[in-house]
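Let me begin by presenting the structure, written as structure tokens, before commenting on it.
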There are 2 protein chains.
Amino acid sequence: MSSKNQSREKILEAATQLFHLQGYHATGLSQILKVSGAPKGSLYYHFPEGKEQLALEAIERFGSIVSAEIRKHLNEVDDPIEAYEKHILHISRKFEDVSTLPNNSETLPIGLLAAETALVNENLRIKCEGVFNDWDSIHKEKIMASGFSDEQAQSISITINALIEGGITLCLTTKSNKPLLEIIKMIPLLFTK
Amino acid sequence: MSSKNQSREKILEAATQLFHLQGYHATGLSQILKVSGAPKGSLYYHFPEGKEQLALEAIERFGSIVSAEIRKHLNEVDDPIEAYEKHILHISRKFEDVSTLPNNSETLPIGLLAAETALVNENLRIKCEGVFNDWDSIHKEKIMASGFSDEQAQSISITINALIEGGITLCLTTKSNKPLLEIIKMIPLLFTK
DNA sequence: GTCTATACATTGATAGAC
DNA sequence: GTCTATCAATGTATAGAC
């Protein structure tokens, strides 16, 4: 990897983490630079359009990482109930010790960024919408593979998406993994035929 | 009402609306003053501790408004399934036309504020946690009244809270009320005995 | 590719007059 | 109770040297 891309990479990585932990508005470019350890003069060289470009790329990267993780979890088990229980359990582990959260940023959601920018920045909103749609497709495919109709799969899929996003918000707020653990108990009911 | 309280009231009202639509960090004191129409010099007189105090009171006020609305909806119908379907349908109406959202801020959630401040401002986090707990109690009471055990009611209640918060995030992001409408379809399953 | 210096706006907040 | 003036800090962004 060229040295150009090394700096770019470090900045983008720090931005991805900070944006989705603290949000878009609470995260300053100076903080991103500091955390990344990248050369201080290089930000606008690599990201000529500044903060918004950085956020757009961060959302995209974040979406792909999570997509991959969702796919991985869902492929491990055939039964969708068991698969989603494991998936959500995996997410909930990140809230067992909230103090380590900042190092654990792989699979958190984009709910914060999405809600924060939805009414304020149309470009970012559309990016977030795209990410949600990607996740939704993955869920839908999995659910339909176990015999649910297109329409049923749609409802279940959106519901699971909302449950995860909302559950994470509750975990963050209560500094506990209990909300997601409670949600897991309800998963089987969603797949009632 | 004294004129002192009139200004205070106008500021707090504007702050409540702006904070929960745009978030804490994206909302400036100047914007609050402008929207409120309150005298420009009066903010720090009424709120000596500045922005944080304003947010704490806004969250509190917001929590009570929503609590009252939840109670109202849940009391209208005996059957919890029907009651929650109506409750969520009511919320979803606010997303039929997103352009009018800013005038419609009564029953949006505090998910944005909660997620935004959870890792950054402990005072605000605790306030949000308290609000979530209040809502949770209301749900739990309703659910237990129809014959569910304490433990079951706990799971269902948290799940509903997460569904609503997550569903609203999805509605905001997609500028549509469809996510909440899909979620409504799954409500009956949550109450399987 | 990276640095420094800087411009410029805006933020939250304070002091003191009225 | 309200105003104005002002503060320091921080925000994003740009220009030009190296």
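Residues forming a side-chain hydrogen bond (donor to acceptor under 3.5 Å, both in side chains) with Thr159(A) (at least two apart in sequence, or on another chain): none. With sequence neighbours left out, Glu182(A) forms a salt bridge (Lys or Arg N to Asp or Glu O under 4.0 Å) with Lys185(A). Take Asn177(B) and apply the side-chain hydrogen bond (donor to acceptor under 3.5 Å, both in side chains) test, not counting sequence neighbours, and it matches no residue. For Lys175(A), the side-chain hydrogen bond (donor to acceptor under 3.5 Å, both in side chains) partners two or more places apart in sequence, or in a different chain, are Glu122(B). Applying the side-chain hydrogen bond (donor to acceptor under 3.5 Å, both in side chains) criterion to Gln152(B), with sequence neighbours excluded, gives Ser149(B).
Here salt bridge (Lys or Arg N to Asp or Glu O under 4.0 Å) pairs that include residues 52-63 of chain A, with residues two or more places apart or in two chains, are Arg8(A)-Glu57(A), Glu9(A)-Arg61(A), Glu60(A)-Lys127(A).
Close to dG11(D), at under 4.0 Å from its OP1 or OP2, lies a side-chain N or O of Ser30(A). Distances shorter than 4.0 Å separate none of the side-chain N or O atoms of His25(A) from OP1 or OP2 on dG11(D).
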Treat primed atoms plus P, OP1 and OP2 as sugar-phosphate and everything else as base, then score nucleotides 13-18 of chain C 5' to 3': B for base contact with protein heavy atoms under 4.0 Å, S for sugar-phosphate contact only, - for none. BB----
Contact letters for nucleotides 3-8 of chain D, in which S counts primed atoms plus P, OP1 and OP2 and B counts the base, heavy atoms under 4.0 Å: B-----
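Aromatic ring centres of His73(A) and His87(A): separated by under 6.0 Å.
Leu112(B) forms part of a hydrophobic cluster together with Leu112(A), judged by ILVMFWY side-chain heavy-atom separations under 4.5 Å.
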